[in-house]
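Beneath this line is the structure, given in structure tokens, with notes to follow.
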Amino acid sequence: MISITREQAKRFLLAKNGLLGASRFRGREGVLNYVQQAGCVQYDPVDVCGKSHELAFLARVKGFSREMLWELLYQDRALIDYFDKNMCLMLTEDWPHLGWMREHFRTHTRSREAVEPVAQQLMGIIHRRGCVSAQELDMKEKVDWPWGQTSLGRAALETLYFRGDLVVHHKTGTVKSYALAADCLPAELLNAPDPFQNERQRQMWQVMRRIGAVGMLWNASSDAWLGVDGLNAQVRNEVFDALLNLGIIRTVQVEDMLRPLYVLAEDLPLLESCRQPAAQDRTVRFLPPLDCMLWDRKLIAALFDFHYKWEIYTPEEQRHYGYYVLPVLMGERFVGRIEPVCDRRNNVLLVRRFWPEEGVKVNDRFLWALEDAVQNLCRFHGLNRVMWAQDWLAE
């Protein structure tokens, strides 16, 4: 059992996530290094001020651009779109580790009776054309799908994608074009054996991966475990015990917290280096709603006293803040929430509102740091200027 202060725990989480001090993730290699550390970076198609995964990279990878990510995904194929914790971006080399999920989708998708008769025909069409999207297919009849009815073409493409027969060739906005996996991925990767001898090994790998993504987690129910199939409370206890016995994770007790936390043993030197405060960091960063450091919001509330809820699915009249509001970090502290919106028609980044946390002094020094972060977001989107709403500072 390693005893640490709350301040040390906060510094460790931020440092582990590349959110403290100078950026240690830089350029293309920085994107790959961060994805390798996180295991997966969660994807969401909603784009109010940038998609969630883009904002995650922008917060921690110096020099990040959409073009850089496109090349890594759809030219170099070093990254791939697939499922881990929901839809994510991950290293292509992790493909063999998710074979269990592809196998699951072979027997657990809707409208299989409608998709199976057209599957081989569709594979032939894709082979001839190179890639296709659902809009390009003459398969318009409606079938059941998880979120309602959709076209047979879309259901068939997504079924074959879920199974691993197809991969995303490229995206145009949120529209996916699919290609044969055999045309995009090396044969040695497609034919690699399952690295897990049994389900327990797979669960251990995923739990280790999630602890490494967040930095530290507790053995409790958490959104961080989404996608770890079969991880009920009993199994979770057994997995944690196995990882502890193997020396892969270590137990950490944070002052005044009743429940222990767990870190990767390989991160102990970083944890020790966070015992003392570093040079003061006044950099402002905006985190996306689905940032891996926020996967366990109860943990963030317990450590940082910052209570964040993504209100995109909350009815408007029940929202405390707004539709798409980003947590704001400054140094070692969450200092508020911000609501930026890309107004592409007028080529403007509009800051609708900033809600400071209690005790945050909105003085000139703070405003300069906030302005730097807003301007960085504006440049990322290629917009001409920033416009602050008249009532942008909440009381």
Side-chain angles (χ1 to χ4, degrees), residues 2-20 38 41-42 44 52 55-56 59-60 85-86 207 210-228 231 233 236 240 249 251-264 267 271 274 277 281 283-315 318-339 353-362 394:
I2 301 167
S3 297
I4 63 174
T5 65
R6 191 179 300 265
E7 294 305 311
Q8 184 180 355
K10 292 193 291 186
R11 283 192 291 271
F12 168 74
L13 268 186
L14 294 170
K16 169 74 174 176
N17 277 275
L19 297 170
L20 190 63
V41 176
Q42 197 164 342
D44 188 85
S52 186
L55 296 172
R60 45 179 58 87
K85 182 187 180 292
N86 300 324
V207 167
R210 298 298 164 75
I211 293 173
V214 178
M216 56 174 60
L217 282 170
W218 36 33
N219 178 5
S221 177
S222 170
D223 282 351
W225 311 128
L226 290 174
V228 187
L231 196 73
R236 195 176 63 241
F240 270 76
I249 62 174
T251 309
V252 173
Q253 185 64 56
V254 181
E255 62 176 349
D256 302 327
M257 291 180 64
L258 297 178
R259 181 181 291 146
L261 292 164
Y262 299 86
V263 301
L264 297 181
D267 285 334
L271 180 64
C274 294
D281 179 12
T283 305
V284 167
R285 294 178 172 91
F286 305 146
L287 296 190
L290 300 175
D291 195 277
C292 67
M293 202 180 84
L294 303 177
W295 283 350
D296 194 319
R297 290 176 186 158
K298 292 181 181 178
L299 175 62
I300 296 300
L303 287 175
F304 292 88
D305 195 26
F306 181 74
H307 302 264
Y308 177 71
K309 178 183 178 182
W310 191 26
E311 297 184 303
I312 192 170
Y313 300 115
T314 303
Q318 297 177 23
R319 291 177 190 148
H320 294 287
Y321 299 101
Y323 173 75
Y324 204 87
V325 171
L326 310 180
V328 181
L329 268 173
M330 185 176 190
E332 299 178 14
R333 181 182 179 187
F334 283 96
V335 292
R337 296 162 175 82
I338 195 166
E339 186 179 16
R353 199 81 161 164
F354 173 73
W355 295 267
E357 285 287 277
E358 185 177 353
V360 171
K361 295 180 180 179
V362 186

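Not measured: the values here are computed from a predicted model.
Leu294 approaches Pro327 most closely through the heavy-atom pair CD1-CG, 3.8 Å. Nearest heavy atom pair, residue Gly212 against residue Leu264, reads CA-CD1, 3.6 Å. The nearest pair of heavy atoms linking Ala9 to Val254 is CB-CG2, 4.1 Å.
More than 12 heavy-atom neighbours from other residues, nucleotides or ligands sit within 6.0 angstrom of NE2 on His307. Around atom CG of Asn86, more than 12 heavy atoms belonging to other residues, nucleotides or ligands sit under 6.0 Å away.
Side-chain atoms of Met330 and Val284, non-hydrogen and from C-beta on, do get closer than 4.5 Å to each other. Side-chain atoms of Thr314 and His320, non-hydrogen and from C-beta on, never get closer than 4.5 Å to each other. Contact check for Pro289 versus Ile312: no side-chain heavy atoms found under the 4.5 Å cut-off. Looking at heavy atoms from C-beta onward, Met293 lies in side-chain contact with Leu14 at the 4.5 angstrom threshold. Between Tyr308 and Ile300 there is no side-chain heavy-atom pair separated by less than 4.5 Å. Counting heavy atoms from C-beta on, the side chains of Thr251 and Phe240 never come closer than 4.5 Å.
For Phe354, the ring-ring contact (aromatic ring centres under 6.0 Å, His included) criterion is met by Phe366, not counting sequence neighbours. For the ring-ring contact (aromatic ring centres under 6.0 Å, His included) test, residues two or more places apart in sequence or in another chain that qualify with Trp355 are Tyr321.
Ring planes of Phe334 and Phe306: parallel class, angle under 30° (limits at 30 and 60°). Classification of the Trp310-Tyr313 ring pair by plane angle, with boundaries at 30° and 60°, yields perpendicular.
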Just do the side chain to side chain contact (heavy atoms under 4.5 Å, CB included) check on Trp295 and Leu226 with the steps written out, would you?
CA-CA 9 Å; Trp295 283 350; Leu226 290 174; over 6 Å; no
Could you walk me through whether Val228 and Arg236 pass side chain to side chain contact (heavy atoms under 4.5 Å, CB included), step by step?
CA-CA 10 Å; Val228 187; Arg236 195 176 63 241; over 6 Å; no
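Listed by first and then second residue, the salt bridge (charged side-chain N to carboxylate O under 4.0 Å, His left out) pairs that reach into residues 7-16 are Glu7-Lys10, Arg11-Glu332, Lys16-Asp267, sequence neighbours excluded.
Arg6 places a side-chain N or O within 3.5 Å of a backbone atom of Ala302 that can act as its donor or acceptor partner. A donor-acceptor pair under 3.5 Å is absent between the side-chain atoms of Glu311 and the main chain of Val325, judged by distance alone. Distance alone, capped at 3.5 Å, is enough to place a donor-acceptor pair between the Gln8 side chain and the Leu271 backbone. For Arg297 (side chain) and Lys309 (main-chain N/O), no donor-acceptor pair under 3.5 Å exists by modelled atom type. Judged by distance alone, the side chain of Ser222 and the main-chain N or O of Trp225 form no donor-acceptor pair under 3.5 Å.
The only member of Val41, Leu55, Asp44 that meets side-chain contact (heavy atoms from CB on, under 4.5 Å) when paired with Leu290 is Asp44.
One finds the CG atom of Asp223 at 10.5 Å from the CZ atom of Arg210 (value rounded to the nearest 0.5 Å). Here the straight-line distance linking atom CD1 of Ile4 with atom CE of Met216 works out to 4.5 Å at 0.5 Å rounding. Atom CH2 of Trp218 is separated from atom CE of Met257 by 4.5 Å, given to the nearest 0.5 angstrom. The structure places CG of Leu329 at 4.5 Å from CG of Leu287, a figure rounded to the nearest 0.5 Å. How far CZ of Arg259 is from CG of Asn219: 8.5 Å, rounded to the nearest 0.5 Å. For the atom pair CG (Leu261) and CD1 (Ile2), the distance works out to 11.5 Å, reported to the nearest 0.5 Å.
Salt-bridge formation is detected for the pair Arg60/Asp291: a Lys NZ or Arg NE/NH1/NH2 atom is positioned less than 4.0 Å from an Asp or Glu carboxylate oxygen.
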